Amino acid sequence: MKEISEILKAYSQAKAEEKKTALATVVKVEGSSYRQPGARMLVTEDGMLTGAISGGCLEGDALRKALLSINQKQNKLVTYNTSNEDDAEVGLQLGCNGIVHILFEYIDEEVENNPIQLLQQLELERKEAVIVTVFSLKRNASQIGTTLFFRKDSPVLTLDNEALSLISDVKEALENKTTVVKKLQEENGREALIEYIKPSISLVIAGAGNDIQPLVKMAAVLGWRTHIAEGRATHATAKRFPKASEISVVKPEQFLENITIDDQTYFLLMTHNYKYDLAVLKLLLETNCHYIGILGPKSKFSRMLDDLLIEGITVNEEQLSRIHSPIGLDIGAETSEEIALSIVSEIKAIASERVGTSLKYKPGKIHNEIHYGK
């Protein structure tokens, strides 16, 4: 979502300056590639790039292809064979050992439900959604492009009514939380990137000490939202946390007021105030939040469990599975910055359904598997 948000901001700026634009999207990958289907980049007519479709190796040639799409006001699909070190078109020895198909779409502001307008729907609500992009690998074939937006309990938006035939596949992708590339028509080589997109991570942090500052900065780099809340008005300020999305000065019993909890919400108890953290933990145990991280040693959490038991509150196995204490991955963190890195890494691993081990020991591919249907 961060990349999409930056693209939307760049487009808004380009529109204000009356600059024409094109959207480049990785729609299919065969073999290995730095970026996977769904990676996007916005290109303006004066050569400004926002987002990325590779690690930098394809962007130069992609800029030229995007400018061609803008000048001709047409969608174009370009294939890069990064395993071919003699590829004259790319002119670089990339060594990624893959074939990357990139769709370039001219953005016509006058067209209803154009690609940017469909992407803009993602920011209207914090809910998961599916975007459909239809393309063809056949030379000189027409390219429909980003054509459909779907979100549960919302109207279906589409640029091309033919895409409505994919609704059952779209609903399945949303239900399974998966991205798929599906073949449509053999005669014209059409395929569809059916892309599942979830909202950005939301960190709700109890605490506003100095050790929270690097955590908020790292979260901002990743495009995560952060809500800081604690009882000290001297600490919970915008001056101390300019990158925070929201800041609240609240008593522990008011902590969850105005907080929306979804499956992308992560709670961190880091006030260094035992009673405050314990009071917030009691509130969180009554919610369905799936992650509660508690800063401090194991002895602190054991004491919390004992104190809760004295109050007649027994933490069951399901609740224990959602609590992470001590918080973070074991990377030998000591400083505030290192601890922040440890916490962010654990949350990212959990959000991606990974365990946070070294990629050196991971069998198979690095990236999440994209399903290629028939």
Side-chain angles (χ1 to χ4, degrees), residues 1-12 14-15 20-29 35-44 49-53 62 65-66 68-70 72-79 100-125 127-137 141-151 154-167 169-171 173-174 178-185 188-198 370:
M1 270 303 299
K2 181 192 179 185
E3 185 169 70
I4 291 174
S5 295
E6 290 180 343
I7 284 172
L8 293 177
K9 290 178 183 177
Y11 176 78
S12 179
K15 180 181 176 182
K20 297 176 182 178
T21 60
L23 181 69
T25 304
V26 177
V27 290
K28 187 174 182 179
V29 170
R35 297 300 306 273
Q36 295 297 296
R40 292 178 173 86
M41 180 176 74
L42 185 77
V43 181
T44 64
L49 308 179
T50 303
I53 51 171
K65 297 298 191 297
L68 184 63
S69 177
I70 291 172
Q72 296 182 349
K73 298 184 178 181
Q74 291 182 347
N75 296 347
K76 296 182 177 296
L77 186 123
V78 178
T79 297
V100 186
H101 305 281
I102 299 174
L103 180 67
F104 296 88
E105 300 176 83
Y106 169 68
I107 305 301
D108 187 344
E109 179 61 29
E110 302 301 319
V111 174
E112 185 178 8
N113 293 326
N114 67 49
I116 292 295
Q117 290 175 1
L118 294 180
L119 291 176
Q120 286 171 338
Q121 301 302 312
L122 293 168
E123 294 197 323
L124 299 183
E125 292 184 76
K127 291 183 179 179
E128 57 190 358
V130 173
I131 295 278
V132 176
T133 304
V134 177
F135 60 96
S136 174
L137 300 185
S142 62
Q143 304 292 343
I144 294 177
T146 306
T147 184
L148 185 143
F149 174 89
F150 178 83
R151 174 179 278 142
S154 296
V156 178
L157 300 179
T158 183
L159 176 64
D160 187 308
N161 286 330
E162 288 185 23
L164 294 174
S165 63
L166 293 168
I167 284 297
D169 297 288
V170 167
K171 290 181 178 179
L174 188 66
T178 56
T179 292
V180 300
V181 176
K182 178 183 175 64
K183 290 187 177 180
L184 303 180
Q185 299 175 5
N188 59 20
R190 269 188 191 159
E191 301 184 41
L193 169 61
I194 304 173
E195 181 187 3
Y196 168 75
I197 302 177
K198 56 187 176 182
I370 300 294

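The first residue in the sequence is number 1, and the count goes up from there. Note that the structure is a prediction, hence the values are computed from the model and not measured.
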Are [X] and [Y] side-chain neighbours, meaning at least one heavy-atom pair lies under 4.5 Å?
{"X": "Val134", "Y": "Leu184", "answer": "yes"}
{"X": "Phe135", "Y": "Val181", "answer": "yes"}
{"X": "Ser154", "Y": "Glu125", "answer": "yes"}
{"X": "Phe149", "Y": "Thr158", "answer": "no"}
{"X": "Thr133", "Y": "Leu103", "answer": "yes"}
{"X": "Val29", "Y": "His101", "answer": "no"}
{"X": "Leu174", "Y": "Glu128", "answer": "yes"}
{"X": "Asp108", "Y": "Asn114", "answer": "no"}

Search all heavy atoms of [X] against all heavy atoms of [Y] and return the closest pair with its distance.
{"X": "Ala22", "Y": "Ala66", "answer": "CB-O, 3.8 Å"}
{"X": "Gln143", "Y": "Leu77", "answer": "NE2-CB, 3.6 Å"}
{"X": "Ala163", "Y": "Leu148", "answer": "O-CD1, 3.7 Å"}
{"X": "Thr178", "Y": "Tyr196", "answer": "O-CB, 3.4 Å"}
{"X": "Ala192", "Y": "Leu166", "answer": "CB-CD1, 3.8 Å"}
{"X": "Leu193", "Y": "Gly38", "answer": "CD2-N, 3.8 Å"}

### Task
Kindly determine whether Ile131 and Ile197 satisfy side-chain contact (heavy atoms from CB on, under 4.5 Å), including the steps that lead there.
CA-CA 8 Å; Ile131 295 278; Ile197 302 177; 3.8 Å; yes
side-chain contact (heavy atoms from CB on, under 4.5 Å) between Leu8 and Leu119, worked out:
CA-CA 8 Å; Leu8 293 177; Leu119 291 176; 4.1 Å; yes
About how many Å separate [atom2] of [Y] and [atom1] of [X], when rounded to the nearest 0.5 Å?
{"X": "Lys182", "Y": "Glu191", "atom1": "NZ", "atom2": "CD", "value": "11.0 Å"}
{"X": "Met41", "Y": "Thr25", "atom1": "CE", "atom2": "OG1", "value": "9.5 Å"}
{"X": "Lys65", "Y": "Leu68", "atom1": "NZ", "atom2": "CG", "value": "8.0 Å"}
{"X": "Ile107", "Y": "Lys73", "atom1": "CD1", "atom2": "NZ", "value": "13.5 Å"}
{"X": "Leu42", "Y": "Glu6", "atom1": "CG", "atom2": "CD", "value": "11.5 Å"}
{"X": "Thr147", "Y": "Asp160", "atom1": "OG1", "atom2": "CG", "value": "4.5 Å"}

- Message: If we ignore hydrogens and angles and just use 3.5 Å, is the side chain of Ser69 paired with the main-chain N or O of Gln74 as donor and acceptor?
- Response: yes
Exercise. Going by an N to O cut-off under 4.0 Å, is there a salt bridge joining Glu3 and Arg35?
Worked result: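 Looking at Glu3 and Arg35, the cut-off is met.
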- Task: Please determine if Glu105 and Arg40 form a salt bridge, counting it only when a charged side-chain N lies under 4.0 Å from a carboxylate O.
- Result: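 No, this pair does not count.
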- Message: Counting only heavy atoms from other residues, nucleotides and ligands, does the tally under 6.0 Å from CD of Glu112 exceed 12?
- Response: no
Does Lys171 have more than 12 heavy atoms from other residues, nucleotides or ligands lying within 6.0 Å of its NZ?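 Check fails, neighbour count at 12 or below.
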For this session: Take Leu23 and Ile7, measure what side-chain contact (heavy atoms from CB on, under 4.5 Å) needs, and give me the verdict at the end.
Result: CA-CA 9 Å; Leu23 181 69; Ile7 284 172; 4.2 Å; yes
By side-chain hydrogen bond (donor to acceptor under 3.5 Å, both in side chains), Glu109 pairs with (sequence neighbours left out) Tyr11, Lys15
message: Ser5 vs Glu123, test: side-chain hydrogen bond (donor to acceptor under 3.5 Å, both in side chains). Steps then yes/no.
response: CA-CA 8 Å; Ser5 295; Glu123 294 197 323; 2.7 Å; yes
Evaluation steps, side-chain contact (heavy atoms from CB on, under 4.5 Å), between Arg190 and Ser142
CA-CA 9 Å; Arg190 269 188 191 159; Ser142 62; 3.2 Å; yes
